[in-house]
Amino acid sequence: MNRGEATRESRLGILRNTRHVPVLIVGGGINGVGTFRDLSLQGVDCLLVEKDDFCAGASRAPSRMIHGGLKYLETGEFRLVRESAQERNRLLRNAAHYVSPLEMIIPIHSWIGGILPAFLRMLRLPARMKERGALVIKIGLWLYDLYGALHRVMPRHRMIARQDILREIPDLDPSLKIAASYYDAWITSPERLVVELALDGMAANSGSLALNHLRFTAVRGNLVELQDAETGEIFTLTCDVMVNAAGAWIDRVNGASGAGRRMIGGTKGSHLMLDLPALAQTLQGRMIYFEAEGGRICILSNFMGHVLLGSTDIPVNDPDGVICDDDEVDYLLDAFRRLFPKVPVDRSSIFFSYSGVRPLPASDAADPGAVSRDHSMPELAPQGDRSFPILSLVGGKWTTFRAFSAEATDTILDRLGRRRTQSTADIAIGGGEGLSQAAAPTEALLSAITGETGLARARAQQLVARYGTRAKAVAKAVAEGETFLVALPEFSREEIAFICKTELVLHAEDFLFGRSSVFLERPLGREALVELVEAIGACSGWDGARQTEEVERLADRFRRLHRIDVSASENRKPRFV
């Protein structure tokens, strides 16, 4: 394959003339795209197909944490904790434009609670943890510091006296005994990081191709059948290895390949965005890692000036169309009220909700939280007319995607009789190239952008926060002048046009939900959606009918998947339904 011009139609034209690829990857979430980039860097031609947009499933619905897996100490998954801590530190270096250190606060309501359950769970024996006391948490954090010692980039944990934590966060439940502080990391835009991984892969190897809105439909004999989700056009080709990275849909893809076998036992995780700016300001960028009823761990943090609250852990059989249902809303709001008993909150505080299905391994465990978050790669050997193996990427988590991708890549290289030529451990991702957690590289980048383009420093800062070093290309594209949107003043028409033309944007929702994080940053009214669609339509050649269709598509998604009514009534505030 040869990518040639970087439009979607040109890529489809290349696909029409492609009869064989060494590696076909089905699924454009973090595991699939991470493997795509790694293989491409080794010089292996790959085709990645995603039935929706990139990062459209569970990869787009995390708690926005990049963490070393403190809670996995309880279940004795020490290898996973060690790997998670190392990969967290690597992401802080390799994706410094989106991943930053984050202080975690643990409110503690007991001194010695949970000692016996913690001991039993570390031995992989069944035990339900209802309350974690200060002693258990202190031991856990001490071990956690040890696992994070390699390439240490953040402070060790500390215990905080009751009066001190209530002075810092006065709205906390005053019945707590003590608190603990440790550091993990957070990610501002997982959606963009996935897209940048795909773009990096195609830049590294002109024979690799990543396409969104292209469905895998079946394996017929030895031919793989794909279908354009927009036109219905069918493509067929062969491959040497197929990678099933479809996440919660892995069993469906394997079933359509004629190899039915249960691998996935997914659980739904739901989150709420709360319009509580005063509390968000009090949190000052910290995340609270706390116990809800029954001992389940929840998180609450300041995300872009609002409060992110999550998450649930509920087994589901059908990953399509999952939403944060009423029971989950009540569960999360009740957990919030126990944590902050004097802060008024109800459903009117919710301005966005989202859910994703974790692609966990099939398990009969009664407690979903006890199912391992480690990854595995079961293989379906060639069968009948199908001459190629199918490797399924089961489990895993955001933090460890690079290690999982490297493991998958090494396995595939072995199948192809090839060797690894470079490690991805120290390769920056997308706009993270040249940046670090230090301020100096960012200041140098800002100076270069303002000097070369004449953009105001505040605008340059906005672009760098959004795109990292990729902001230089965006700045050059908008340097001749910008027309900013009225309802979305964060964006100019020129910026939107550049992103749509260079980052495989097919629908308005691809831009809104997959190339930005603005949908989580504040409530969005219908006027913002209409103006965004008009701006995208102007650079994409959409007529009036297509623009109306795109607005309705956005409004339908807000209501159907996120439970937000974006009413057609002028100036009506979006509301949770």
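Predicted model, so just to flag it, every value in this text is computed and none were measured.
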Which heavy-atom pair separates [X] from [Y] by the least distance, and what is that distance?
X: A425; Y: R93; answer: O-NH2, 4.2 Å
X: I160; Y: I178; answer: O-CG1, 3.0 Å
X: H306; Y: L276; answer: ND1-N, 4.3 Å
X: G140; Y: L73; answer: O-CD1, 3.3 Å
X: S40; Y: F36; answer: OG-O, 2.8 Å
X: P107; Y: L339; answer: CG-CD1, 3.8 Å

Determine, for [X] against [Y], whether the closest basic-nitrogen to carboxylate-oxygen distance falls under 4.0 angstrom.
X: R515; Y: D510; result: no
X: R358; Y: D313; result: yes
X: E490; Y: R466; result: no
X: R402; Y: D38; result: no
X: R132; Y: E291; result: yes

Assess whether side chain to side chain contact (heavy atoms under 4.5 Å, CB included) is satisfied between Y183 and L102, documenting all intermediate values.
CA-CA 6 Å; Y183 278 81; L102 176 67; 5.9 Å; no
Is the shortest heavy-atom distance from the side chain of [X] to the side chain of [Y] under 4.5 Å?
X: I139; Y: L135; answer: yes
X: V23; Y: D240; answer: no
X: I427; Y: N94; answer: no
X: L197; Y: F401; answer: yes
X: L393; Y: N244; answer: no
X: I299; Y: I288; answer: no
X: F336; Y: L279; answer: yes
X: L41; Y: R37; answer: yes

If we ignore hydrogens and angles and just use 3.5 Å, is the side chain of [X] paired with the main-chain N or O of [Y] as donor and acceptor?
X: R60; Y: F54; result: yes
X: R296; Y: S311; result: yes
X: E50; Y: G28; result: yes
X: S59; Y: G29; result: no
X: S189; Y: S517; result: no
X: R418; Y: I412; result: no
X: S376; Y: P378; result: no
X: S355; Y: C324; result: yes
X: N205; Y: V44; result: yes
X: R286; Y: M104; result: no

Supply the atom-to-atom distance [X] [atom1] to [Y] [atom2], rounded to the nearest 0.5 angstrom.
X: I390; Y: L24; atom1: CD1; atom2: CG; result: 9.5 Å
X: T35; Y: M377; atom1: OG1; atom2: CE; result: 8.5 Å
X: E77; Y: E83; atom1: CD; atom2: CD; result: 11.0 Å
X: L524; Y: L532; atom1: CG; atom2: CG; result: 9.0 Å
X: S436; Y: L92; atom1: OG; atom2: CG; result: 11.0 Å
X: I106; Y: S181; atom1: CD1; atom2: OG; result: 8.5 Å

Give the C-alpha distance, both sets of side-chain angles, the deciding distance and a yes or no for side chain to side chain contact (heavy atoms under 4.5 Å, CB included) between M287 and I105.
CA-CA 6 Å; M287 177 175 283; I105 301 295; over 6 Å; no
Hydrogens and angles aside, do [X] and [Y] bring a side-chain donor and acceptor to less than 3.5 Å of each other?
X: Y182; Y: E103; result: no
X: Y144; Y: D184; result: yes
X: T399; Y: R88; result: no
X: Q42; Y: T421; result: yes
X: H67; Y: E87; result: no
X: K397; Y: H375; result: no
X: Q462; Y: Y467; result: no
X: S208; Y: D45; result: no

Evaluate S84 against R79 for side-chain hydrogen bond (donor to acceptor under 3.5 Å, both in side chains), listing each step before the verdict.
CA-CA 8 Å; S84 298; R79 187 206 64 78; over 6 Å; no
Before giving the answer on ring-ring contact (aromatic ring centres under 6.0 Å, His included), spell out for F351 and H562 the whole-Å C-alpha distance, their side-chain angles and the decisive distance to 0.1 Å.
CA-CA 9 Å; F351 72 86; H562 308 297; over 10 Å; no
When F352, Y354, F303 are each screened for ring pair (Phe, Tyr, Trp, His ring centres under 6.0 Å) with H271, the one that passes is Y354
Which residue pairs pass the salt bridge (charged side-chain N to carboxylate O under 4.0 Å, His left out) test with at least one member in residues 430-450, sequence neighbours excluded?
E443-R457
ring-ring contact (aromatic ring centres under 6.0 Å, His included) with F511: which residues, sequence neighbours excluded?
F491
Verify side chain to side chain contact (heavy atoms under 4.5 Å, CB included) between E482 and L455, making sure each step is shown before the conclusion.
CA-CA 10 Å; E482 296 187 83; L455 288 183; 3.9 Å; yes
May I have the step-by-step check of side chain to side chain contact (heavy atoms under 4.5 Å, CB included) for E521 and S516, ending in yes or no?
CA-CA 10 Å; E521 295 173 12; S516 78; over 6 Å; no
